[in-house]
Amino acid sequence: MHVLVAGGTGFVGRHLVPVLLDRGHEVRIMTRSPKDRDDAAEEVLGDIDDPSSVAAAMVGIDTAVYLVHTLDQPDFAERDRRGAETFGRQSADSGLSKIVYLGGLGNDDDELSEHLRSRREVEEILTTCIPTIALRAGIVVGDGSVSWEILCQLVERLPIMITPRWVQTKTQPIALEDVVRYLADAVELEPMREHFEIGSPQSLTYKQMLESVADEKHRRLHILPIPILSPALSSHWLRLITDVNLQTARSLVDSMTHEVVVTDRRLEAITGHPPMEFIAAARRALAARAERKKPAVDADASP
């Protein structure tokens, strides 16, 4: 199958591409800055703000994976709306069989945050244009995930943590490896207009995740939730303690106040793949993060 991955150089995309290649697919990556690669994938110029470049990237493509998402800009919802409209329209005009989209968990009946509403709006736009298989996920547990990095930095930098109320919110994290596996499986499914929820076997509060990370890193952690930290104040708190920029912090905190859990396990039955538990995912992600943070060894240095 000829697969186009929009966002293939991002966090999830760069892990998905080698899996698709291993499965025997021809992979093309749409990016604004194409480079030569040392694998069989091809990077081509494509900008979702430029319909002609998207159309050119889709020539000869069967299925597209849409991983484009803006979070660090104040107008991210409008940017993502325009991008989805362009990508969906060009996919239909180019005769693609389907799109596979990675969206966000959240009950449609709830008053979702702007971030989660935007993810759902993108899903709806793509689905209207062409058969779309949407995978709805919560926090992706893997080195490179912004949400995961925030959790790690909070544990490292605050042994005593006076926290906002959202630390008691339940969520359903999922291992990076499982997200990639389900995306690759969805690429190989028949075209359909359908969404599936994906997540670890158990739901956890952010407090429980913080405590688990602290245990794995052998750090003492005392968490004292207080009700006076509003989402606005909480985003500034995150910005001061972690490396995340303020706009991203605001978007993520708004979503952290909403319970997002898996209520539908159909994809697990369809693919025959059960997701790993949070602690196993956390250990893998922490190991990858520790490896990345190792100081570079100077080959010319004297022993």
Side-chain angles (χ1 to χ4, degrees), residues 1-8 10-29 40-41 61-69 91 96-108 116 119-120 122-124 126-127 130-145 147-148 171-204 260-285 288:
M1 188 182 298
H2 291 76
V3 182
L4 176 70
V5 182
F11 163 54
V12 173
R14 64 177 180 266
H15 292 277
L16 174 63
V17 167
V19 172
L20 293 174
L21 291 173
D22 287 344
R23 293 190 179 200
H25 299 295
E26 300 283 338
V27 180
R28 184 181 300 164
I29 299 167
I61 293 296
D62 303 311
T63 293
V65 180
Y66 193 69
L67 302 174
V68 178
H69 183 42
S91 295
L96 271 64
S97 65
K98 67 178 180 294
I99 293 172
V100 175
Y101 169 64
L102 180 61
L105 279 175
N107 192 320
D108 290 332
L116 293 177
R119 302 305 292 268
R120 197 58 45 82
V122 168
E123 177 185 320
E124 292 169 355
L126 297 176
T127 302
I130 183 176
T132 297
I133 300 173
L135 306 189
R136 298 178 178 177
I139 289 179
V140 178
V141 181
D143 185 44
S145 162
S147 298
W148 173 249
T171 187
Q172 201 110 12
I174 184 167
L176 171 61
E177 292 87 346
D178 288 327
V179 172
V180 168
R181 166 68 184 268
Y182 288 132
L183 285 170
D185 287 345
V187 164
E188 297 170 351
L189 293 178
E190 292 298 316
M192 66 182 83
R193 287 178 166 87
E194 189 60 273
H195 70 264
F196 299 99
E197 298 177 348
I198 55 176
S200 64
Q202 72 276 65
S203 61
L204 298 165
V260 286
V261 297
V262 174
T263 59
D264 167 21
R265 296 280 181 182
R266 288 175 298 146
L267 192 60
E268 294 175 30
I270 291 171
T271 63
H273 176 71
M276 70 179 73
E277 294 193 358
F278 170 74
I279 194 62
R283 286 169 181 163
R284 292 190 183 197

If you define the side chain from C-beta out and look only at heavy atoms, does anything of Arg119 sit under 4.5 Å from Arg136? no

Report yes if some heavy atom in the side chain of Tyr101 is under 4.5 Å from a heavy atom in the side chain of Leu67; otherwise report no. no

Short question: side chain of Arg265, backbone of Gly199 - any donor-acceptor pair under 3.5 Å? yes

I need the Ile270 CD1 to His273 NE2 distance, nearest 0.5 Å. 14.0 Å

Val3 and Arg28, any side-chain heavy atoms less than 4.5 Å apart: no

Is it the case that the side chain of Lys98 and the backbone of Val187 share a donor-acceptor pair, with hydrogens and angles ignored and the cut-off at 3.5 Å? yes

Identify which one of Val180, Asp178, Val179 satisfies the side chain to side chain contact (heavy atoms under 4.5 Å, CB included) criterion when paired with Tyr182. Asp178

Charged N to carboxylate O below 4.0 Å: is that the case for Arg266 and Glu197? no

Ala184 to Leu16 - nearest heavy-atom pair and separation: N-CD1, 4.0 Å

Before giving the answer on side chain to side chain contact (heavy atoms under 4.5 Å, CB included), spell out for Trp148 and Val140 the whole-Å C-alpha distance, their side-chain angles and the decisive distance to 0.1 Å. CA-CA 7 Å; Trp148 173 249; Val140 178; over 6 Å; no

Would you call Thr171 and Ser203 a side-chain contact if the rule is heavy atoms closer than 4.5 Å? no

Check: Gly104 main-chain N/O paired with Arg120 side-chain donor or acceptor under 3.5 Å: yes

When every non-hydrogen atom of Leu96 is compared with those of Ala64, the smallest separation belongs to CD2-CB, 3.5 Å

Val260 side chain reached by Leu116 side chain, heavy atoms, under 4.5 Å: yes

Is it the case that the side chain of Asp185 and the backbone of Thr271 share a donor-acceptor pair, with hydrogens and angles ignored and the cut-off at 3.5 Å? no

Step by step, would you call Ile133 with Leu189 a side chain to side chain contact (heavy atoms under 4.5 Å, CB included)? CA-CA 9 Å; Ile133 300 173; Leu189 293 178; 3.9 Å; yes

What I'd like to find out is whether the side chain of Ser200 reaches to under 4.5 Å of the side chain of Gln172, using heavy atoms alone. yes

Side chain to side chain contact (heavy atoms under 4.5 Å, CB included), that's the test. Do Glu177 and Met276 meet it? Break it down for me. CA-CA 9 Å; Glu177 292 87 346; Met276 70 179 73; 4.3 Å; yes

For Pro201 and Pro275, work out which heavy atoms get closest and say how close. CG-O, 3.6 Å

Considering all heavy atoms of both residues, which atom of Leu126 and which atom of Tyr66 are nearest to each other, and what is their separation? CD1-CD2, 3.8 Å

Taking all atoms of both residues into account, what is the closest heavy-atom pair of His15 and Phe11, and its distance? CD2-O, 2.9 Å

With a 4.5 Å limit on heavy-atom distance, are the side chains of His25 and His2 in contact? no

As a quick check of understanding, evaluate side chain to side chain contact (heavy atoms under 4.5 Å, CB included) for Thr132 and Glu123, giving each step before the final call. CA-CA 8 Å; Thr132 297; Glu123 177 185 320; 5.5 Å; no

Tell me which one of His195, Met192, Arg193 satisfies side chain to side chain contact (heavy atoms under 4.5 Å, CB included) with Thr127. Arg193

Roughly how far, to the nearest 0.5 Å, is the CG atom of Leu4 from the CD1 atom of Ile99? 9.5 Å

Beyond-backbone contact of Val262 with Ile198, side-chain heavy atoms, under 4.5 angstrom: no

How far apart are the closest heavy atoms of Ala288 and Asp143, and which atoms are they? O-OD2, 3.7 Å

More than 12 heavy atoms of other residues, nucleotides or ligands under 6.0 Å from CZ of Arg284: is that the case? no

